[in-house]
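Structure, as structure tokens:
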Amino acid sequence: MGVLAKTFIVKKNDLKSGKFVESELAAKDGGAILQVDHFALTANNITYAVAGDMMQYWNFFPAPEDGYGIVPVWGFGTVVDSKVEGLSFGDRFYGYFPFASHVAVEPVRVSAGGFSDGAAHRQPMAAVYNNYTRTTADPLYDEKTEAEQMLLRPLFTTSFAIDDMLDDNGYFGAKAVILTSASSKTAYAAAYLLKKRKGVEVIGLTSRGNMMFVKRLGCYDRVVAYDDIASLDAGVPVAVVDMAGNGNVRSSLHHHYGDNLKYDLGVGITNWDAERGTPADLPGAKPTMFFAPTQIAKRSKEWGAAVFGEKLAAAWHDFVAHASDPASPWFRVIRERRASDVQKLYLETLAGKTPPMDGLILSL
């Protein structure tokens with residue numbers, strides 16, 4: 001007996017064009033079906049879509065129609081059909097899901113801690129995206145903070161890796177770290193961690209409309225509008241963590257700092273529809289693309305997977321307690337499940353119109 005799955009697919013060459021499709025799913029021998037209970041939608045997911053071909057994000061969940069892709073999301077899912085020993089009806093997992101109501105998986109390495117999707121088409125990509133963590137054995141899980149986990153956990157893991165990589169390399173000689181798109185969750189989580197180290201000045205770049213929000217966070221030493229880059233001291237060596245992916249902003253920073261721009265790390269593409277081309281002859285450090293699984297693998301080898309997990313969990317619980325403090329929360333949870341409203345929220349996120357205070361939790 002199968003389930004009727006609803007999936008949101010978008011045109012790869014026109015991310016504004018999307019539609020819902022339905023299909024019948026049933027567990028094959030050695031397979032299982034998970035209901036996607038709910039998932040977060042953030043600028044991070046837009047980066048997945050924009051870099052879908054370049055970084056193979058479209059390959060995780062192939063769309064049923066040519067020219068279309070399925071945006072990957074992070075959330076929680078429950079087993080509703082299983083032909084796998086060790087996976088039972090009702091078991092819940094945190095992991096990487098399609099923008100859909102259900103997903104078919106081919107579990108391997110099933111254990112008390114979770115499983116990995118062994119589907120052949122997923123093996124060329126980073127293993128971290130194929131792992132599903134059982135909630136009953138997850139050191140980061142708390143039933144009361146599922147929304148926070150969906151909104152912040154995948155971003156926080158990237159932020160943790162950014163902070164660790166910069167510290168691991170002595171900030172590449174920089175005395176300040178500049179984070180673009182400072183209102184984004186990945187940026188402010190990284191800023192929170194960097195500021196706790198007290199080794200460098202942490203500067204947030206943002207739009208004028210988001211200045212008050214970013215200042216209120218308190219995780220940046222200084223907040224500067226994009227059109228005020230020239231006000232920054234060009235004599236201070238800096239490292240740039242670029243979440244915006246805006247070629248004009250990047251170019252302005254390089255020309256302003258020149259050889260004092262010691263490191264340029266590309267992470268996100270929150271300004272996905274802005275000028276993204278980066279001239280080859282920019283002064284300063286050559287832009288480098290960040291891939292969190294690389295730093296995670298490095299530290300897991302050096303520290304051991306268990307120690308890495310302990311460090312990540314400790315940093316996570318500290319951060320989420322601060323970000324979700326009822327006295328001064330950094331976000332508010334917005335929930336939606338009606339298809340038309342879900343699509344509307346996707347388009348608003350794509351257009352960068354979602355208020356930075358809003359944390360979208362969706363289900364189909």
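Sequence positions, counted from 1, serve as the residue numbers for this chain.
Looking only at distances, no side-chain donor or acceptor of S251 sits under 3.5 Å from a matching main-chain atom of G247. Using modelled atom types, one side-chain atom of S82 and one backbone atom of L87 make a donor-acceptor pair closer than 3.5 Å. Looking at Y226, its side chain does come within 3.5 Å of a backbone N or O of S181 through a donor-acceptor pair. Judged by distance alone, with hydrogens and angles left aside, the side-chain atoms of D168 form no donor-acceptor pair with the main-chain N or O of D164 at under 3.5 Å. A donor-acceptor pair is defined here as one N or O able to donate and one able to accept, closer than 3.5 Å; no such pair exists between the side chain of Q343 and the backbone of A339. In this structure, the side chain of H256 engages the main chain of L232 through a donor-acceptor pair within 3.5 Å. A side-chain donor-acceptor contact under 3.5 Å links K262 to the backbone of D259. Of the possible donor and acceptor atoms, none in the side chain of E24 sits under 3.5 Å from a partner among the backbone N and O of A26. Remark: the backbone N or O of K6 is paired with a side-chain donor or acceptor of S101 at under 3.5 angstrom. Using modelled atom types, one side-chain atom of K195 and one backbone atom of G218 make a donor-acceptor pair closer than 3.5 Å.
By the 4.5 Å heavy-atom criterion applied to side chains, L360 and E336 are not counted as neighbours. Side-chain contact between L312 and T157 is present, with at least one heavy-atom pair separated by less than 4.5 Å. Considering only heavy atoms from C-beta on, M243 comes within 4.5 Å of I162 through its side chain. The side-chain heavy atoms of V110 and V84, taken from C-beta on, include a pair separated by under 4.5 Å. Annotation: side chain of N45 is not in contact with side chain of Y346 (no heavy-atom distance under 4.5 Å). The shortest distance between side-chain heavy atoms of R122 and F61 falls below 4.5 Å. Looking at I33 and V105, their side chains never come closer than 4.5 Å, going by heavy atoms from C-beta outward. Annotation: side chain of Y141 is not in contact with side chain of R134 (no heavy-atom distance under 4.5 Å).
In the model, R337 has a side-chain atom that pairs as donor or acceptor with a side-chain atom of S363 under 3.5 Å. One side chain, Q35 or D37, offers a donor N or O that lies under 3.5 Å from an acceptor on the other. In the model, T158 has no side-chain atom that pairs as donor or acceptor with a side-chain atom of T186 under 3.5 Å. For the residue pair H121/N59, the side-chain donor-acceptor check at 3.5 Å is not satisfied. At a cut-off of 3.5 Å, with distance as the only test, a side-chain donor of T180 or D242 sits close to an acceptor on the other residue.
Between the NE2 atom in H38 and the OG1 atom in T78 there is a gap of 8.0 Å [rounded to 0.5 Å]. Summarising the geometry, atom CG belonging to D142 is positioned 7.5 Å from atom NE2 belonging to H317; distances are rounded to the nearest 0.5 Å. Here CG of N260 is found 8.5 Å from CG of D233. Values are rounded to the nearest 0.5 Å. In this structure, F115 CZ and L34 CG are separated by 5.0 Å, a value rounded to the nearest 0.5 Å.
Tracing side-chain contacts under 4.5 Å through hydrophobic residues (I, L, V, M, F, W, Y), one never reaches F319 starting from L155; they form parts of separate clusters. The hydrophobic cluster containing M212 does not contain L217, counting ILVMFWY residues as joined when their side-chain heavy atoms lie under 4.5 angstrom apart, directly or transitively. Under the 4.5 Å side-chain heavy-atom criterion for grouping Ile, Leu, Val, Met, Phe, Trp and Tyr, L4 is not connected to F89 through any hydrophobic cluster. Both M357 and L362 belong to a common hydrophobic cluster when Ile, Leu, Val, Met, Phe, Trp and Tyr are linked at side-chain heavy-atom distances under 4.5 angstrom.
Contact record, S88 with V79: O-CB, 3.3 Å, taken as the closest heavy-atom pair. Shown here for V224 and S231, the closest heavy-atom pair between the two residues is CG1-OG, 4.2 Å. In this structure, A147 and V333 approach most closely via the heavy-atom pair CB-CG2, 3.8 Å. The shortest heavy-atom contact between L193 and A315 is CD2-CB, 4.4 Å. Between S324 and F331, the closest heavy-atom pair is CB-CZ, 4.5 Å. Of all non-hydrogen atoms in A27 and A32, the two that sit nearest each other are CB-CA, 4.0 Å.
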Using the rule given for ring pair (Phe, Tyr, Trp, His ring centres under 6.0 Å), can you reason through F93 versus Y132, listing the C-alpha separation, both sets of side-chain angles and the distance that settles it, and then say yes or no?
CA-CA 6 Å; F93 296 86; Y132 293 81; 7.4 Å; no

Do Y96 and N131 pass the side chain to side chain donor-acceptor pair (under 3.5 Å) test, and can you show the C-alpha distance, the side-chain angles, and the key distance before you say yes or no?
CA-CA 8 Å; Y96 204 54; N131 296 330; over 6 Å; no

Could you go step by step and tell me if R208 and D228 meet the salt bridge (Lys or Arg N to Asp or Glu O under 4.0 Å) rule?
CA-CA 10 Å; R208 288 208 176 275; D228 286 338; 2.7 Å; yes

Would you check, one step at a time, whether the test salt bridge (Lys or Arg N to Asp or Glu O under 4.0 Å) holds for D341 with R335?
CA-CA 10 Å; D341 290 327; R335 299 181 185 273; over 6 Å; no

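Relative to the six-membered ring of Y68, K19 meets both conditions, a distance below 6.0 Å and an angle of at most 45° to the axis.
Checked against a 6.0 Å centroid threshold, the rings of F39 and F97 do not count as neighbours. No close placement of the F20 and F99 rings is indicated, their centers lying 6.0 Å or farther apart. In summary, the aromatic rings of Y57 and Y48 are positioned with their centroids under 6.0 Å apart.
Electrostatic pairing of D138 and R153 counts as a salt bridge here, judged by a charged N lying under 4.0 Å from a carboxylate O. With salt bridges taken as basic N to acidic carboxylate O contacts below 4.0 Å, one links D167 and R197. Using a cutoff of 4.0 Å between basic side-chain nitrogens and carboxylate oxygens, D14 and K11 are not scored as salt-bridged. Taking a cutoff of 4.0 Å between a charged side-chain nitrogen and a carboxylate oxygen, E143 and R92 do not qualify as a salt bridge. The pair K175-E201 does not meet the salt-bridge criterion, since no charged nitrogen lies less than 4.0 angstrom from a carboxylate oxygen.
Ring orientation note: the planes of W74 and Y94 are close to parallel, at an angle under 30° on the 30°/60° scale. Ring geometry for Y129 against F291 counts as tilted: the plane angle lies between 30° and 60°, on a 0 to 90° scale. The aromatic rings of W330 and H322 stand perpendicular to each other, their planes meeting at an angle above 60°, with 30° marking the opposite boundary.
With respect to L179, the side chain to side chain contact (heavy atoms under 4.5 Å, CB included) criterion is satisfied by exactly one of L205, V202, I203: V202.
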Atom pairs and distances, side-chain donor-acceptor, residues 300-309, under 3.5 Å, sequence neighbours left out:
| unit_1 | atom_1 | unit_2 | atom_2 | d |
| --- | --- | --- | --- | --- |
| S300 | OG | I296 | O | 2.8 |
| E302 | OE1 | K298 | NZ | 3.2 |
| E302 | OE1 | R299 | NH1 | 2.8 |
| E302 | OE2 | K298 | NZ | 2.7 |

